[in-house]
Amino acid sequence: MKQIKTLLIAAILILGASQTISAQAKTAHVDVNDIMAKMPAMLDAQKQLEKLSATYDAEYKKMVEEYQGKLKKYEAEAATVTEAINGERSKEVQDMQKRIVDYRDNAQKELQQKESDIVKPLMEKVRASIQKVGKAKGFQYVLDGSSLLLADGPNLTADVKKDLGF
């Protein structure tokens with residue numbers, strides 16, 4: 001009777017341990033920032049954004065130089081012209097300031113929108129690849145390793161890069 005009781009307890013322990021092991025979720029991690037930073041399409045997008053930004057910067061600098069030139073000219077001539085002309089010039093300078101500020105604000109918005117338009121489809125492509133690789137390797141969860149305090153499991157970053165073709 002004692003042996004049957006011992007065997008029964010051992011069987012329960014073995015079954016309980018096997019269920020605990022099978023109940024644990026399989027998790028892995030990837031470094032999404034690393035993937036995005038080294039993705040050829042993202043590198044091309046960054047070059048495109050830098051080129052657009054340089055164009056905006058050049059136009060902005062040109063506008064500022066024109067503003068500064070007129071401001072110096074008007075200040076130098078202020079004592080020799082009439083009050084009405086000084087008033088017109090003051091209004092012109094204020095309008096130029098407003099145009100410069102508006103241009104800068106619009107350029108920043110356009111750059112942000114362009115970046116969003118470019119990055120969103122690339123991010124979706126990376127996400128789909130992570131899901132594909134994770135499922136193929138039998139993982140239930142794949143976490144972004146850049147935000148984890150401890151990433152002591154399988155790293156799928158290299159597999160995702162391979163799936164994406166780089």
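Values in this document were obtained by computation on a predicted structure and should not be read as measured data.
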Taking all non-hydrogen atoms of both residues into account, name the closest pair between [X] and [Y] and its distance.
| X | Y | result |
| --- | --- | --- |
| S129 | D163 | OG-OD2, 2.5 Å |
| V32 | M123 | CG1-CE, 3.4 Å |
| D34 | K161 | OD2-NZ, 2.7 Å |
| L122 | A41 | CD2-CB, 3.5 Å |
| P121 | S116 | CD-O, 4.4 Å |

Does any part of the side chain of V119, heavy atoms only, come nearer than 4.5 Å to the side chain of M36, both counted from C-beta?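 M36 reaches V119 side chain to side chain.
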
Is the shortest side-chain heavy-atom distance between K114 and D117 below 4.5 Å?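 Contact flag for K114/D117 side chains = no.
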
To the nearest 0.5 angstrom, please state how far the [atom1] atom of [X] sits from the [atom2] atom of [Y].
| X | Y | atom1 | atom2 | value |
| --- | --- | --- | --- | --- |
| K62 | I100 | NZ | CD1 | 12.5 Å |
| Q46 | S53 | CD | OG | 12.5 Å |
| N106 | Q113 | CG | CD | 12.5 Å |
| Q68 | E65 | CD | CD | 7.0 Å |
| L143 | L148 | CG | CG | 5.5 Å |

State whether the number of non-hydrogen atoms from other residues, nucleotides or ligands found under 6.0 Å of D152 atom CG is greater than 12.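 Count not over threshold, so no.
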
Does atom OH (Y141) have a neighbourhood of more than 12 heavy atoms from anything else shown, all under 6.0 Å?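 12 or below, so no.
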
Parallel, tilted or perpendicular: which describes the rings of Y60 and Y103, with under 30° parallel and over 60° perpendicular?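 Rings of Y60 and Y103: parallel, as their planes differ by under 30°.
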
Is there a side chain to side chain contact (heavy atoms under 4.5 Å, CB included) between M96 and L71? Walk through the geometry before answering. CA-CA 10 Å; M96 286 182 80; L71 192 60; over 6 Å; no

Applying side-chain hydrogen bond (donor to acceptor under 3.5 Å, both in side chains) between R89 and each of Q94, E75, E77, report the one that passes.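 Only one option passes, and that is E77.
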
If we check side-chain hydrogen bond (donor to acceptor under 3.5 Å, both in side chains) with Y67, which of these qualifies: Q97, E92, K72?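 So the option named by the test is Q97.
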
Between K91 and D95, is there a side-chain N and carboxylate O pair less than 4.0 Å apart?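 Judged by the 4.0 Å cut-off on N to carboxylate O distance, K91 and D95 do form a salt bridge.
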
Do F166 and M42 belong to the same hydrophobic cluster, where Ile, Leu, Val, Met, Phe, Trp and Tyr are linked whenever their side-chain heavy atoms lie under 4.5 Å apart, directly or via other members?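 In one cluster: yes.
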
Taking it one step at a time, do L164 and V160 satisfy side chain to side chain contact (heavy atoms under 4.5 Å, CB included)? CA-CA 6 Å; L164 290 169; V160 173; 4.0 Å; yes

Option passing side chain to side chain contact (heavy atoms under 4.5 Å, CB included) with I35 (candidates D144, L156, V126):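 Only one of D144, L156, V126 forms a side chain to side chain contact (heavy atoms under 4.5 Å, CB included) with I35, namely V126.
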
Any cation-pi pair here, K26 with F139, using under 6.0 Å and within 45°?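 Yes, K26 and F139 form such a contact.
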
Test side chain to side chain donor-acceptor pair (under 3.5 Å) on D31 and T157; report intermediate values, then the result. CA-CA 6 Å; D31 188 348; T157 304; 5.8 Å; no

